Amino acid sequence: MAIASINEQLLRAVGVGIALFDGKTGNLQFCNDVFGEWFDDAGPGVSIQTLFPELDLAELKANIDAGGRHSGELSFRRNRRTLVLAQIVSQATVGYESVYVMECQNITRIRELESMLASYSKMVERNTREIQKEKDQVEELLLNILPRGAYEEYKSFGVISPKRYEDASVLVLDFVGFTKMAEQLAPANLVSELNELYTAFDQIGEQLGCERIKTNGDTYFCIAGLEDSDLDHRASIIKTASLYRQFLRKRNENSGVEWVCRIGLGSGAVIGSVVGVKKYVFDVFGPAVSDAVSANSAAGDFEIIATDAFATEGPHASQFAPSNPGMQVLIAD
Amino acid sequence: MANSLFEKYGGFSTIHSIVIEFYNSVLDSDVVGPFFDGTDMESLIDHQTKFISFLLGGPVSYPEAKLKAAHSNLDIQAPHFDTIKALLGETLAAFDVEAADIDAVLEKIESYRSVIAA
């Protein structure tokens with residue numbers, strides 16, 4: 001068998017597409033069956049650029065002259081599909097003639113899988129972002145009704161166990177004449193007013209380490225000392241009470257609705273727990289809460305009243321003066 | 001919560017083969033293939049990946065409005081829709097998806113007939 005014939009049979013047998021074309025004219029001289037399957041009109045005499053309109057022959061020649069080979073990727077449509085071929089072109093000599101040998105590997109499936117992977121990755125990333133957004137919303141919602149420590153426990157273990165805090169301070173605030181105001185103000189106005197007041201109280205408290213536990217109509221409960229054991233919770237709650245009073249007085253100067261508060265302070269042990277199974281709320285119980293409620297009941301307009309136990313404990317006694325039996329009134333903010 | 005079909009059949013590592021097979025069936029079809037004559041590969045693969053994932057309960061949401069917008073200018077008629085449905089059923093069967101699950105997927109796609117077809 002002649003060498004040329006053997007060579008041709010070898011080129012036909014290989015699994016990649018092979019095309020030989022004239023370096024000067026760009027016309028095909030030979031292509032194997034794999035190459036021929038990609039094109040209806042591939043055959044001797046057909047211009048390589050007819051098959052690959054995007055192929056830059058000048059660039060191809062320059063690359064081969066410079067480095068001996070040209071490599072690239074070309075795509076074309078066949079049977080509604082985009083076929084992608086990875087090509088390597090080198091130069092060979094047949095007799096006295098120079099020909100270019102183009103080897104083509106069909107990488108369509110690789111590109112399809114890459115596209116699919118890119119699409120799937122985007123899908124998953126978008127989904128992850130949406131899940132994270134929902135998670136953040138749930139976290140924000142839970143943190144509105146739970147102290148952070150209780151929330152962290154719930155997140156880790158799925159339950160919140162009742163916890164005893166040996167020493168914490170509680171503030172109970174209510175508004176004088178609220179029932180009458182509720183009758184006089186339009187419901188939307190009343191809710192809007194309370195919303196504004198409680199939001200301001202939350203913000204003031206947050207700055208001083210006090211956390212709102214609940215509201216009950218016109219009664220606002222907050223506590224200091226649950227989360228931060230190093231905090232001087234009595235000082236925090238006294239300062240918070242003073243700022244609530246200042247805020248209301250200032251607000252009353254420019255508001256059509258006048259709010260008069262009474263504030264009670266208590267300290268001591270509390271138990272924090274979630275109450276309920278489905279519509280549960282975090283609540284606190286114990287001597288500190290009872291004391292703060294009693295002090296609140298004893299308070300007059302814009303008064304801040306604390307139990308003796310609260311007022312005489314620690315370095316804050318000088319800020320209080322005796323009031324009703326067992327109670328002291330805040331005289332220095 | 002019950003696992004989705006997407007998870008049941010191995011997640012993306014399996015589903016990608018279904019997508020490729022379905023993609024080939026659709027392009028080879030004389031009924032629906034012509035819809036994709038001018039569509040580039042990336043767009044079509046993207047669409048098919050989301051579509052199959054969506055039908056199998058994968059990590060993608062396909063709001064009705066988006067589905068409608070994607071098909072509104074294609075003039076998809078009942079025979080086209082039926083062909084897509086049949087090709088999908090055949091593809092899923094070729095990957096050993098259980099008959100009950102194929103029915104569930106086809107029911108789901110059927111529920112979007114008025115959104116996709118004219």
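Throughout, protein chains are lettered first and strands after them, A, B, ... in sequence-line order, and every chain is numbered starting at 1. For clarity, every value in this text was computed on a predicted model and none was experimentally measured.
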Quiz item: Should A:T82 and B:E42 be marked as a side chain to side chain contact (heavy atoms under 4.5 Å, CB included) after you check the CA-CA gap, both sets of side-chain angles, and the distance that decides it?
Solution: CA-CA 9 Å; A:T82 304; B:E42 284 91 351; over 6 Å; no

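Looking at heavy atoms from C-beta onward, A:R111 lies out of side-chain contact with B:I45 at the 4.5 angstrom threshold. Using a 4.5 Å cut-off on side-chain heavy atoms (C-beta onward), B:F12 and A:L117 make contact. B:K50 is listed as a side-chain neighbour of A:M123, based on a closest heavy-atom distance under 4.5 Å.
The minimum heavy-atom distance linking A:R77 with B:G38 is given by the pair NH2-N, 4.0 Å. Listed here is the closest heavy atom pair of B:D28 and A:R80: C-NH1, 4.2 Å. A:M116 and B:I20 make their closest contact through CE-CG1, 3.3 Å (heavy atoms, listed as atom of the first residue, atom of the second, distance).
With respect to chain A, the highest number of heavy-atom pairs below 4.5 Å among B:H16, B:H47, B:Q48 belongs to B:H16. For chain A, the option among B:I15, B:L44, B:D40, B:V60 with the highest count of heavy-atom pairs below 4.5 Å is B:V60. Considering only heavy-atom pairs separated by less than 4.5 Å from chain B, the leading option among A:E130, A:R126, A:R109 is A:R109.
Atom NZ of A:K61 sits in a crowded spot, with more than 12 heavy atoms from other residues, nucleotides or ligands closer than 6.0 Å. Heavy-atom neighbours of A:K122 NZ from other residues, nucleotides or ligands within 6.0 Å: at or below the threshold of 12. Counted within 6.0 Å of CZ on A:R81, heavy atoms from surrounding residues, nucleotides or ligands total more than 12; the atom is thus considered enclosed. Sparse packing is recorded around OH of A:Y154, with 12 or fewer heavy atoms of other residues, nucleotides or ligands lying under 6.0 Å away. Heavy-atom neighbours of A:E140 CD from other residues, nucleotides or ligands within 6.0 Å: at or below the threshold of 12. Within 6.0 Å of atom CD in A:E206, 12 or fewer heavy atoms from other residues, nucleotides or ligands are found, so the atom counts as exposed in its surroundings.
Of the two parts of B:T39, only the backbone, made up of N, CA, C and O, holds a non-hydrogen atom closer than 4.5 Å to a non-hydrogen atom of chain A.
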